[in-house]
2 protein chains.
Amino acid sequence: MATIRDVAEQAGVSVATVSRVLNDNGYVGVETRKRVMGAIKSLNYSPNEVARSLYKRESRLIGLLLPDITNPFFPQLARGIEDEVNRAGFRLLLGNSDEEATKELEYIQTFLQNQVVGLISATNNTDNENYTNLDLPVVFLDRVSKQHPSVYADGIEGGRLAAKALVERGSKRITLIKGPGHVKPAMDRFQGALAELSAAEVDFSVLSTSSYAFDDARKRAEELFEKHSDTDGVIASNDIVAIAILHEALRLGRRIPEDLQLIGYDDIPFSSLSYPSLSTIRQPAYEMGKEAAKLLIRMIRKEKEIDQTIQLPVTLIERNTTRKVDPNA
Amino acid sequence: MATIRDVAEQAGVSVATVSRVLNDNGYVGVETRKRVMGAIKSLNYSPNEVARSLYKRESRLIGLLLPDITNPFFPQLARGIEDEVNRAGFRLLLGNSDEEATKELEYIQTFLQNQVVGLISATNNTDNENYTNLDLPVVFLDRVSKQHPSVYADGIEGGRLAAKALVERGSKRITLIKGPGHVKPAMDRFQGALAELSAAEVDFSVLSTSSYAFDDARKRAEELFEKHSDTDGVIASNDIVAIAILHEALRLGRRIPEDLQLIGYDDIPFSSLSYPSLSTIRQPAYEMGKEAAKLLIRMIRKEKEIDQTIQLPVTLIERNTTRKVDPNA
DNA sequence: CGCCTTTGTGTAACCGGTTACAGATAACTT
DNA sequence: AAGTTATCTGTAACCGGTTACACAAAGGCG
């Protein structure tokens with residue numbers, strides 16, 4: 001690997017001049033610039049980011065902390081972030097926390113040690129001490145925080161929308177699935193749905209789940225029909241759970257949406273490929289990622305007027321696990 | 001941020017001694033070590049990785065290059081890699097290449113500039129010049145290369161298995177979906193299936209697809225039934241395509257698996273949640289990721305006897321889009 | 001024409017670690 | 001007891017960039 005000194009020697013100038021050419025700042029003569037460019041090309045030189053980071057006291061890396069990339073909602077977020085962050089010349093340092101505070105702390109620690117310029121976190125412990133004393137631009141994604149800017153979709157509204165959709169379409173004995181209690185957005189959508197159901201003239205019951213894992217979802221689906229076999233409408237905590245329930249319902253011979261209506265949450269890519277395709281509340285994951293990245297970059301650049309929260313809209317995606325709404329209602 | 005000099009001062013020793021304590025090498029007196037530890041704790045010091053990387057000429061970062069994290073096969077790989085790499089104290093720099101040589105090159109470039117210790121790549125251009133002159137441990141994942149060690153599952157065998165499964169279970173007019181031509185593993189499984197079908201006493205036709213994207217999959221599914229409405233067995237290029245086809249087949253009222261058998265490839269998490277659940281050829285993605293990481297770490301540690309290729313087994317996962325095999329056959 | 005500003009370039013300190021080398025003392029050897 | 005080796009610690013060079021500062025030459029201005 002050629003260094004800046006090799007280039008300087010080859011071009012017959014000092015390292016300062018080469019640095020000036022590289023960063024396009026300070027004064028450099030036309031002739032000199034050409035010679036330096038030539039040397040760079042001929043040596044196939046590219047500057048060492050590490051050395052630069054050391055002096056500058058910051059790298060061009062951004063830390064990304066996700067609960068679990070294996071959950072289909074997060075790759076979309078990640079992709080949105082990456083695309084945006086790249087355009088601005090940053091790279092991503094990735095970490096999966098599994099919602100464990102220890103892992104989270106470890107990652108934040110190493111991110112700092114690597115002098116990241118910023119951090120995007122989609123984990124729960126937003127007001128954790130890990131973050132409060134952080135002298136670093138931080139954006140929370142899909143979670144809100146009092147201390148740091150956040151990008152999220154309105155979970156309460158989403159929950160409400162989901163419940164309203166089922167009620168309007170005639171479900172009378174609704175089962176509401178409550179997601180993991182420690183996951184904030186899961187609780188929001190639950191609360192939203194709960195409020196809407198409470199206000200409507202329907203019977204409903206609540207079933208708790210403790211994880212979003214695939215296997216767990218399947219088990220919960222079986223349990224659902226044992227406990228509440230007469231339900232005619234299910235509000236799932238997310239699309240994975242919804243699709244597991246759909247699977248189980250079909251296995252049991254339920255007609256969807258005639259006997260049982262079902263609505264998910266997230267609108268992960270697979271939702272449109274289930275059969276019947278899944279009605280759901282869409283969160284614009286890719287866009288959320290993009291927005292979070294944009295916001296962080298603005299913070300990194302110390303721009304003025306930085307939004308404290310960016311709320312993206314949730315929308316009802318009406319597919320085929322819900323009936324058409326009764327025009328007479 | 002406290003530096004090593006602050007610690008040294010606080011403990012009344014030189015920076016060299018602090019460094020010795022940190023890295024647990026060289027001689028350090030018991031008393032001195034205690035004082036240094038105390039200073040580290042009281043200053044809440046943690047060493048700057050960037051400075052360390054600069055001197056050592058390598059960081060503790062590993063580059064990971066994926067085609068697209070949004071494709072459900074890759075998060076699993078990524079997670080396997082991350083879990084393994086973490087245990088050895090490394091972190092991941094992530095890049096999505098979209099199979100574009102330019103993006104790939106850019107990422108490799110910045111990985112090098114950040115002095116990564118190793119690189120895991122799941123992209124196609126394995127014998128590309130990008131990699132040939134790389135003075136860095138590289139492992140190819142899900143792709144093979146002549147120059148670098150590779151971890152993969154046997155695509156030819158997988159294709160064969162898929163075709164055999166359908167033939168044995170009585171499909172007579174099979175449609176074989178060919179994946180994107182530039183994606184090596186897609187071609188392998190296609191070749192394997194093709195060979196098996198050619199040797200069997202069945203009619204078959206081939207349908208080409210150019211991408212694995214969800215929207216594309218849906219379109220191709222429609223096209224399939226327009227062109228080959230009499231097919232009674234489909235070998236899909238992967239599970240996404242299979243599930244799209246399943247969706248379309250159900251929409252058209254086909255009975256699965258009675259009228260139409262269907263087999264996918266990969267065994268992504270959703271395959272077991274489709275209804276009917278998808279029969280498929282399983283690639284152990286998480287394990288592949290783990291193996292690739294282990295292999296890379298061995299290379300980084302310059303251990304002897306490094307495998308050039310690690311082939312993981314593909315297995316037929318018999319679910320409900322294929323019939324039970326005829327015991328009289 | 002003398003003074004000030006702009007342009008062009010080099011020297012060397014600096015970022016925060018690691019380690020080669022040297023020097024000092026203590027512990028073994030024969 | 002003298003020589004050898006093990007233990008402990010500090011000084012300073014080094015990794016490869018960036019930039020403050022200095023200096024020189026050229027251009028602009030009253």
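Order of the sequence lines fixes the chain letters, A, B, ..., with proteins taken first and strands second; residue numbering starts at 1 for each chain. No hydrogens, no waters, no symmetry mates; every other heavy atom, side chains included, goes into these values.
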From OH of B/Y27 across to P of C/dA26 the rounded distance in Å is 17 Å
Applying a 4.0 Å non-hydrogen cut-off, can you work out what B/S53 is touching in the nucleic acid: base, sugar-phosphate, or nothing? nothing
Check whether any side-chain N or O of A/S14 sits under 4.0 Å from OP1 or OP2 of C/dT11, and answer yes or no. no
Would the distance check show the side chain of B/Q115 and the main-chain N or O of B/S53 forming a donor-acceptor pair, the cut-off being under 3.5 Å? yes
In this structure, which one of A/L141, A/L296, A/L66, A/I62 forms a side chain to side chain contact (heavy atoms under 4.5 Å, CB included) with A/I81? A/L141
Considering only NZ, NE, NH1 and NH2 on the basic side and carboxylate oxygens on the acidic side, decide whether B/D188 and B/R143 come within less than 4.0 Å. no
May I ask you to say what A/S19 touches in the nucleic acid, namely base, sugar-phosphate or nothing, with a heavy-atom cut-off under 4.0 Å? base
Would you mind telling me which residue lines up with the more 5' stretch of DNA chain D, B/K56 or B/T32, judged by nearest nucleotide? B/T32
Which part of the nucleic acid, if any, lies within reach of A/V18 when heavy atoms closer than 4.0 Å are counted: base, sugar-phosphate only, or nothing? nothing
Counting only heavy atoms not in A/E9, do more than 12 fall under 6.0 Å of its CD? no
Contact summary for A/L65 and A/Y131, nearest pair of heavy atoms: CD2-OH, 3.6 Å
Taken in chain and number order and not counting sequence neighbours, the residues that satisfy ring-ring contact (aromatic ring centres under 6.0 Å, His included) with B/Y152 are none
Can you give me the first and the last nucleotide of DNA chain D (5' to 3') that has an atom within less than 4.0 angstrom of a non-hydrogen atom in chain B? D/dA6 to D/dG16
Whether over 12 other heavy atoms sit under 6.0 Å from A/K184 NZ: no
Does anything in residues 42-51 of chain B reach DNA chain D, meaning a heavy atom under 4.0 Å, and if so which residues? none
For A/N25, does the CG atom sit with more than 12 other heavy atoms under 6.0 Å from it, leaving out its own atoms? yes
Given side chains that start at C-beta, do those of B/D68 and A/R79 come closer than 4.5 Å, heavy atoms only? yes
5'-most contact on DNA chain D: B/R20 or A/N23, nearest heavy atom basis? B/R20
Can you work out whether A/R33 or A/V15 has the more 5'-proximal nearest nucleotide on DNA chain C? A/R33
Assign each of B/L54 and A/V30 the nucleotide of DNA chain C bearing its closest heavy atom; nearer the 5' end lies the nucleotide of A/V30
